[in-house]
K.L.:
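Would you mind keeping the following structure in view while I ask a few things?
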Amino acid sequence: MSDHKETFELIWGAAKIARVIGKTPRATYSLLEDGEIPAMKVGGRWVADRDNLSAFFKGAGQNAGAA
């Protein structure tokens, strides 16, 4: 048996996700619907993992100068 335990913090709802990423609920909902941020719908509600959001935006910031 492994002692490794994976933990994660889920953020439920577009409004709460918006607060975490610093966007308006309307802008966040648009990003969610367009599949531009890592989240999924579960039972009609948006849900995102805090670590995945953080990693996504850190990666987006690192790639901002590339083009």
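Bear in mind that the values here come from a model prediction, so they are computed numbers and not experimental data.
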K.L.:
Could I get the full list of side chain to side chain contact (heavy atoms under 4.5 Å, CB included) partners for Ser54, not counting sequence neighbours?
P.N.:
Lys58

K.L.:
How long is the straight-line distance from NZ of Lys16 back to CZ of Arg50, given to the nearest 0.5 Å?
P.N.:
10.5 Å

K.L.:
With side chain to side chain contact (heavy atoms under 4.5 Å, CB included) as the test, pick out the partner of Pro38 among Leu32, Leu53, Asp51.
P.N.:
Leu53

K.L.:
Minimum heavy-atom separation for Tyr29 to Lys41, with atom names?
P.N.:
OH-NZ, 4.2 Å

K.L.:
With rounding to the nearest 0.5 angstrom, report the CH2 to CD1 distance, Trp46 to Ile17.
P.N.:
8.0 Å

K.L.:
With sequence neighbours excluded, tell me which residues meet side chain to side chain contact (heavy atoms under 4.5 Å, CB included) with Val47.
P.N.:
Leu10, Trp12, Met40, Val42

K.L.:
With rounding to the nearest 0.5 Å, note down the distance linking CG in Asn52 to CD1 in Ile37.
P.N.:
11.5 Å

